[in-house]
**Student:** 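This structure is in structure tokens; I'll ask about it shortly.
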Amino acid sequence: MITHKYLDEFEELYKSGQMLLNKDRIALLKYLRKVVLVMDNVYFDEQAIEDYVNFTEKWLFKDDGLEPFQKMLACMIFLYFEVEEGEPPNPVFNQFDIFMGRGAGKNGWISSLVEYFISPLCGIPEYHVAIVANSERQAQKSFMEVHNMLKKNPALLAKNGGYFNNGLSKIECVDTLSTIEYLTSNADTKDSFAHGVLIFDEIHQYENPRIVNVLRSGLGKVQPPRTFYISTNGYVRDGVYDKRLEQSRKILKNTTFESRTFPWLCFLDKKSEANNPKMWQKANPMLHEPLSYYAKGLKRTISEEWTEVEKGLGDKTEFLIKRMNVSDVDTEKSVASRAEIMAVNREIPDDLSSYKAVGGLDYASLKDFAAVGLLFKREEELIWLTHSFVRKEFLDNFQLTISDQIPIWQNNGLLTIVDEPTISIEHITDWFIEMRKTYDFNMIVGDTFRMDYVRNSLEGAGFEVDFVRRAKAIEASVAPQIEVDFAEKRLIWGENPLMNWYTNNVVVVRDKFGNMSYEKKSEVRRKTDGFMAFTHAYWKGTELFQNMNVDDPFDYDDSWIFTG
């Protein structure tokens with residue numbers, strides 16, 4: 001069996017207990033020792049490894065140097081099969097799955113690699129590198145690290161007798177004619193590209209492998225071809241990230257060498273390990289002892305984020321997925337827990353007439369429910385005064401979990417049953433006119449879906465009307481703030497089982513970028529009108545009330561709404 005000092009040093013840190021590894025990386029060490037390094041035709045390119053390490057520590061990682069895990073990874077990049085004289089080099093691993101938690105230095109490490117690959121130290125002519133990401137900003141990240149390093153070290157520039165031309169869209173080595181460029185993941189314009197090295201950045205955003213397949217089809221013209229997939233976890237399931245993760249975990253179980261993919265998988269083994277900061281190094285190898293200057297600052301930042309999560313003020317889902325790289329996190333959840341919703345059912349203060357308010361309206365369908373309300377801010381509290389209208393015919397035709405409560409709620413003034421073909425706009429306008437006699441407000445906000453219909457009536461009564469024109473963008477901006485308000489018990493809407501029901505019917509869904517939006521748990525029988533009217537008023541309130549500060553799953557059982 002062959003070995004290398006950087007691999008031995010890394011493994012010794014683990015065996016001595018100085019460093020904790022997750023199960024995937026423990027399996028990786030076993031796989032390397034028992035399957036890969038025992039093959040009789042493999043060798044480490046010692047010169048390439050040392051050249052890369054020395055180059056990187058001299059020019060890019062001057063302060064802390066490379067981490068033990070980064071040096072170990074370098075060994076695996078420059079591990080080769082023996083070839084006949086005159087044949088191109090043949091790496092044992094030509095694809096790398098590098099999955100680590102946010103802050104683990106993926107982009108900085110990739111920057112050091114790609115600059116080495118195009119340099120005279122690597123020495124491969126026209127060994128072009130492409131850094132690919134879903135957005136131009138992300139694709140530029142590693143590119144600009146190389147660009148900025150060259151700006152800081154003018155001796156490396158060709159105009160000063162060095163090796164590199166440092167452009168803003170392409171970096172070129174004048175000796176090898178190799179280049180670094182960044183690309184966005186538009187597959188339609190990439191089928192003529194040919195590269196030696198491909199870097200697919202943040203592949204958790206890739207819903208399908210189209211761009212990967214298109215660009216990889218151009219590999220092979222320059223040897224040896226290499227592909228790196230680097231990412232934290234994300235919100236797209238069953239995309240490129242999940243499929244590569246599944247494939248990599250299968251490789252770790254192999255007892256014979258069958259794949260050229262190197263699986264570097266850093267995760268918590270269990271979500272509960274997030275409670276123990278010592279375990280964070282399983283997801284982020286930057287946090288392995290001894291901590292570098294960078295790692296000490298990183299750990300402080302992560303600790304502060306976790307403190308916010310423990311207080312109910314931080315986004316636990318985001319923390320687990322991004323910082324801890326956990327995959328089995330439910331990205332759909334209810335807006336608030338049962339306890340948080342019931343805490344909102346505190347008595348509405350009787351002095352609201354001295355506070356400014358903003359009106360909210362949800363009028364999505366004229367044939368079932370409509371909701372109106374006023375949102376007040378009193379010091380740190382947000383008070384929601386609301387009423388609903390519901391068509392009698394809808395109640396007669398659909399059996400809801402709340403059907404037997406409707407007459408009670410009407411008697412208590414929470415809603416009005418109207419026996420009409422549609423809910424008339426006059427009911428909406430009259431309610432706001434009546435509220436204006438007592439409360440200080442003039443702005444009313446609603447969804448654009450029906451606002452054209454109601455605008456004339458409301459403006460005719462002297463109100464100012466605004467639309468929520470980009471509903472998903474608005475929800476993404478207010479949803480995290482509303483979560484915090486529930487957690488900190490800032491919301492009040494009185495004893496209002498109808499608002500409880502509306503809120504219990506809303507599920508928070510995240511898109512592939514982690515943005516939150518609101519959806520119904522059931523399209524017909526679980527109405528959300530009251531909560532959406534509140535959301536509309538809340539969005540405008542964040543502006544009118546000047547930056548008000550604005551998480552737990554639970555079942556769909558509604559019985560607690562009626563019993564308190």
**Student:** Is the closest basic N to carboxylate O distance between Asp242 and Arg249 below 4.0 Å?
**Tutor:** no
**Student:** Closer than 4.0 angstrom, basic N to acidic O: yes or no for Arg470 and Glu475?
**Tutor:** no
**Student:** Quick one: do the Glu82 and Tyr43 side chains pair a donor with an acceptor below 3.5 Å?
**Tutor:**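 Side-chain D/A pair, Glu82 to Tyr43: absent.
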**Student:** Can Asp97 and Ser248 be counted as having a side-chain donor-acceptor contact under 3.5 angstrom?
**Tutor:** yes
**Student:** Side-chain donor-acceptor pairs under 3.5 Å in residues 257-266, sequence neighbours left out?
**Tutor:**
from   : atom 1 : to     : atom 2 : distance (Å)
Glu258 : OE2    : Thr256 : OG1    : 2.8
Ser259 : OG     : Thr261 : N      : 3.1
Arg260 : NE     : Pro91  : O      : 3.2
Arg260 : NE     : Val92  : O      : 2.9
Arg260 : NH2    : Asn90  : OD1    : 2.6
Arg260 : NH2    : Pro91  : O      : 2.4

**Student:** Do you know the tightest heavy-atom contact between Ser135 and Thr184?
**Tutor:**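 Smallest interatomic distance, heavy atoms only, reads C-CG2, 3.7 Å.
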**Student:** With distance as the sole criterion, is a donor-acceptor pair present between the side chains of Tyr127 and Arg226 under 3.5 Å?
**Tutor:** yes
**Student:** Is it the case that Arg210 and Asn213 place a side-chain donor and acceptor less than 3.5 Å from each other?
**Tutor:**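 Result is no, nothing qualifies.
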**Student:** Enter the distance from Met144:CE to Arg137:CZ here, rounded to the nearest 0.5 Å.
**Tutor:**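 Reported value, rounded in 0.5 Å steps: 12.5 Å.
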**Student:** Work out which heavy atom in Tyr206 is nearest to a heavy atom in Asp201; give both atom names and the distance.
**Tutor:** OH-O, 3.7 Å
**Student:** Verify side-chain hydrogen bond (donor to acceptor under 3.5 Å, both in side chains) between Glu181 and His195, making sure each step is shown before the conclusion.
**Tutor:** CA-CA 10 Å; Glu181 63 181 339; His195 299 95; 2.8 Å; yes
**Student:** In terms of side-chain geometry, is the basic nitrogen of Glu57 or Lys62 positioned less than 4.0 Å from the acidic oxygen of its partner?
**Tutor:**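 Salt bridge flag = no for Lys62 with Glu57.
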**Student:** Quick check on the 6.0 Å ring-centre criterion: do Phe78 and Phe93 meet it?
**Tutor:**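 Here the rings of Phe93 and Phe78 have centres that are no less than 6.0 Å from each other.
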**Student:** Determine whether Thr179 and His128 satisfy the following criterion, side-chain hydrogen bond (donor to acceptor under 3.5 Å, both in side chains), listing intermediate values before the conclusion.
**Tutor:** CA-CA 5 Å; Thr179 60; His128 303 304; 2.9 Å; yes
**Student:** Is any side-chain N of the basic residue among Lys296 and Asp64 closer than 4.0 Å to the acidic one's carboxylate O?
**Tutor:**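 Result for this pair is no, no salt bridge flagged.
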**Student:** Less than 4.0 angstrom from a charged side-chain N to a carboxylate O is my criterion; do Glu11 and Arg33 meet it?
**Tutor:** yes
